[in-house]
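Only one structure is covered here, and it is reproduced in the block below.
Residue numbers begin at 1 in each chain, while the letters A, B, ... track the order of the sequences. Both backbone and side-chain heavy atoms feed into the values below; hydrogens, waters and symmetry mates do not. Predicted model, so just to flag it, every value in this text is computed and none were measured.
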Amino acid sequence: MRIPIILGPTAVGKTELLIELSKKYNFQIISMDSRQVYKLMNIGTAKPTEEENKLIRHHLIDYVDPEEHYDVNKYLKDSKIIEEKLLSNGIAPVYAGGTGLYADAITKGLVEGIPGNDFVRKALKNIDRNQSGYLYKILKTVDPVAFNKIHLNDSKRISRYLEAFMLNGIPLSKLQNNNQMDKKYQIIFLNRDRKELHNRISKRVDSMINKGLFEEVLKLYKMGYNKSNGSIRTIGYSEVFDYLDGTIGKEECIELIKRNTRRYARRQIIWFRRYVDSIQINLSDTDTKNILMIFSIIFNDFWGDNYGRKI
RNA sequence: GGUGAGGUAGCUCAGUAGGUAGAGCAGUGGACUGAAAAUCCAUGUGUGGAGGGUUCGAUUCCCUCCCUCGCCA
């Protein structure tokens, strides 16, 4: 029994494909998406609709309040619970999404026992604001390995390594494992020709707006959320907040959402390329019939003849 | 048809008193171990509209043509 992890950049067509596959195979999806976890954020995160969720069950979606803190560790814990539950019930789990960090955590594990600490973070942020470059100097003495990997301007990462040292007394870089990928998992990387992906992104953003993205964000805006909420730092939400604040115009806002989505997709692709052992499928040069055939081979290989298949 | 301005990177434009060109945006490559749709780093060769002339040498000067925009008929 192997567990597929289907990764692909935003708008590549994961949901459509999974729905097709669900007609032939009996499996459930463990979403691997850091934004679809939030309640009230449906249109902008391209969360599967209720109907889609009926066709194929998605887990780890729509279960966190937008003001709640969420991170990899929580994801890792929640997903492993669901994975085990599905397996013990004889249901094949399929991970699917686009958050690379989460895929790393699932397949390689995570350093344990060093949670983020808001108090420490705020303190570090204040120091950084007043004395630029100071934290970087401290990092050099505290965790030279990390110091060598991290750029002076990457204050977020500098703070994280300092935070870990302050809370633990051990350099975080010492605790980081170099674990190989767990062979239990197989990454399947769905991609498309860049130009086509860009067209799909543009169309999808337009359709989000038609479905009421601005109204959805306005609701959150009126509820008093702001960019200090991690959830709001999401493409489509952050830009509309700026529009509602009057910082940018509507047309500009839409263009920015598209641009930022394109850039995000590029970063995702760059991340997924690192999985050298992944099965890569370019959806631009394969038709649906072929893709279904490829997956039937993969799933047969992973699950055997009588696991997952619908008769 | 006449006349003026212009045609330079995917887009908007700059510049070269003749020595094959550079900004912004877009794009691209990369990093990533408890904020990750986040955060950070790096990255500009393009038939200078086409053809011809002058010149050691033309994107730059001259001629012809094509195209775009404005104005006049």
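Using a 4.0 Å cut-off between charged nitrogen and carboxylate oxygen, A:Lys219 and A:Glu216 do not count as a salt-bridge pair. Salt-bridge annotation for A:Arg200 and A:Glu16: present, with a side-chain N of the basic residue lying under 4.0 Å from a carboxylate O of the acidic one.
Residues A:Tyr185 and A:Glu83 approach most closely at OH-OE1, 2.7 Å, considering heavy atoms.
The base of B:A31 is not paired with the side chain of A:Arg267 by any donor and acceptor separated by under 3.5 Å.
When the salt bridge (charged side-chain N to carboxylate O under 4.0 Å, His left out) test is applied to A:Asp182, no partner is found at least two apart in sequence or on another chain. Applying the salt bridge (charged side-chain N to carboxylate O under 4.0 Å, His left out) criterion to A:Arg262, with sequence neighbours excluded, gives no partner residue.
Listed pair A:Tyr70 / B:G34 fails the phosphate criterion, with no side-chain N or O lying under 4.0 Å from OP1 or OP2. Checking the phosphate oxygens (OP1, OP2) of B:G10, no side-chain nitrogen or oxygen of A:His198 falls inside 4.0 Å. Taking 4.0 angstrom as the limit, A:Asn153 places a side-chain polar atom (N or O) nearer than this to OP1 or OP2 of B:C41. Contact annotation: A:Arg157 does not reach the phosphate of B:A36 (side-chain N/O to OP1 or OP2, under 4.0 Å). Neither OP1 nor OP2 of B:A38 sits under 4.0 Å from any side-chain N or O of A:Arg121.
Put simply, OH on A:Tyr95 and CD1 on A:Ile82 are 8.5 Å apart, with the number rounded to the nearest 0.5 Å. The distance from the CD1 atom of A:Ile56 to the NZ atom of A:Lys23 is 11.5 Å, given to the nearest 0.5 Å.
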What protein N or O atoms touch nucleotides 24-26 of chain B N or O atoms at under 3.5 angstrom, if any, and at what distances?
from, atom 1, to, atom 2, distance (Å)
B:A26, OP1, A:Arg259, NE, 3.2
B:A26, OP1, A:Arg259, NH1, 2.2
B:A26, OP1, A:Arg263, NH2, 2.9
B:A26, OP2, A:Arg263, NH2, 2.9
B:A26, O3', A:Arg262, NH1, 3.1

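In the set B:A36, B:U33, B:A38, the nucleotide with an atom closest to the side chain of A:Tyr102 is B:A36. Checked against B:A36, B:U39, B:C41, the side chain of A:His151 finds its nearest nucleotide in B:C41. Side-chain atoms of A:Tyr161 lie closest to B:U33 of the nucleotides B:C32, B:U33, B:U39. The side chain of A:Leu101 lies closest to B:U33, out of B:U33, B:U28, B:U39.
A:Thr99 comes within 4.0 angstrom of the backbone, heavy atoms only, and of no base. Nucleic acid contact class of A:Val72 (heavy atoms, under 4.0 Å, all strands): sugar-phosphate only. In this structure, A:Thr45 reaches the bases: a heavy-atom distance under 4.0 Å links it to at least one base atom across the strands shown. Counting any heavy atom pair closer than 4.0 Å across all strands shown, A:Gly236 reaches no nucleic acid atom. Among the protein residues, A:Glu112 comes within range of the nucleic acid bases, having at least one heavy atom under 4.0 Å from a base atom.
Within the structure, salt bridge (Lys or Arg N to Asp or Glu O under 4.0 Å) pairs that include any residue of residues 93-120 of chain A comprise A:Asp104-A:Lys108, A:Asp104-A:Arg274 (at least two apart or interchain).
With a 3.5 Å ceiling on both atom-pair distances, the Watson-Crick or G-U wobble partner of B:A5 is B:U68. The partner of B:G51 is B:C63, judged by Watson-Crick or G-U wobble contacts that both fall below 3.5 Å. Look at B:U33: it lacks any Watson-Crick or wobble partner with both distances under 3.5 angstrom. With a 3.5 Å ceiling on both atom-pair distances, the Watson-Crick or G-U wobble partner of B:G24 is B:C11. Taking a pair to require two hydrogen-bonding distances under 3.5 Å in either a Watson-Crick or a G-U wobble arrangement, B:C56 pairs with B:G19.
When the P atom is used for both B:G46 and B:G22, the distance is 13 Å, rounded to whole Å. B:C25 sits 12 Å from B:A9 when the C1' atoms are compared, rounded to a whole Å. B:C67 sits 37 Å from B:G29 when the C1' atoms are compared, rounded to a whole Å. Here the separation of B:U39 from B:A23, taken at their C1' atoms, is 27 Å to the nearest Å. Only the C1' atoms considered, B:C13 is 33 Å distant from B:G1, to the nearest whole Å. When the P atom is used for both B:G51 and B:C69, the distance is 24 Å, rounded to whole Å. B:C56 and B:U20: their C1' atoms are spaced 15 Å apart (whole Å). Nucleotides B:C32 and B:A26, compared at atom C1', are 25 Å apart to the nearest Å.
Here the C1' atom of nucleotide B:A35 and the NZ atom of A:Lys122 are 13 Å apart, to the nearest Å. Between the CG atom of A:Asn260 and the C1' atom of B:U39 there is a distance of 14 Å, rounded to whole Å. Rounded to whole Å, the distance from CG on A:Asp118 to P on B:G34 is 15 Å. Here B:A35 presents its C1' atom at 16 Å from CD1 of A:Ile158, a figure rounded to the nearest Å. Remark: C1' of B:G10 and CZ of A:Arg194 are 15 Å apart, rounded to the nearest angstrom. To the nearest angstrom, P of B:C32 lies 13 Å from CG of A:Leu172. If you measure from atom NZ of A:Lys227 to atom C1' of B:A35, you get 15 Å, rounded to the nearest angstrom. Protein atom CH2 of A:Trp271 is 13 Å distant from nucleotide atom C1' of B:C40, rounded to whole Å.
Judged purely by distance below 3.5 Å, without hydrogens or angles, the side chains of A:Ser173 and A:Asp143 pair a donor atom with an acceptor atom.
Comparing A:Gly116 and A:Tyr264 by the nucleotide of RNA chain B that holds the closest heavy atom to each, the one mapping nearer the 5' end is A:Gly116. Residues A:Tyr237 and A:Gly109 both approach RNA chain B. Their nearest nucleotides, taken by heavy-atom distance, put A:Gly109 toward the 5′ side.
Other members of the cluster containing A:Met166 are A:Val111, A:Ile114, A:Val120, A:Leu124, A:Ile127, A:Tyr134, A:Leu135, A:Tyr136, A:Ile138, A:Leu139, A:Val142, A:Phe147, A:Ile150, A:Leu152, A:Ile158, A:Tyr161, A:Leu162, A:Phe165, A:Leu167, A:Ile170, A:Leu172, A:Leu175, with ILVMFWY side chains joined at under 4.5 Å, either directly or via other members. In the hydrophobic clustering, A:Ile81 connects to no other residue, as no ILVMFWY side-chain heavy atoms lie under 4.5 Å from its own.
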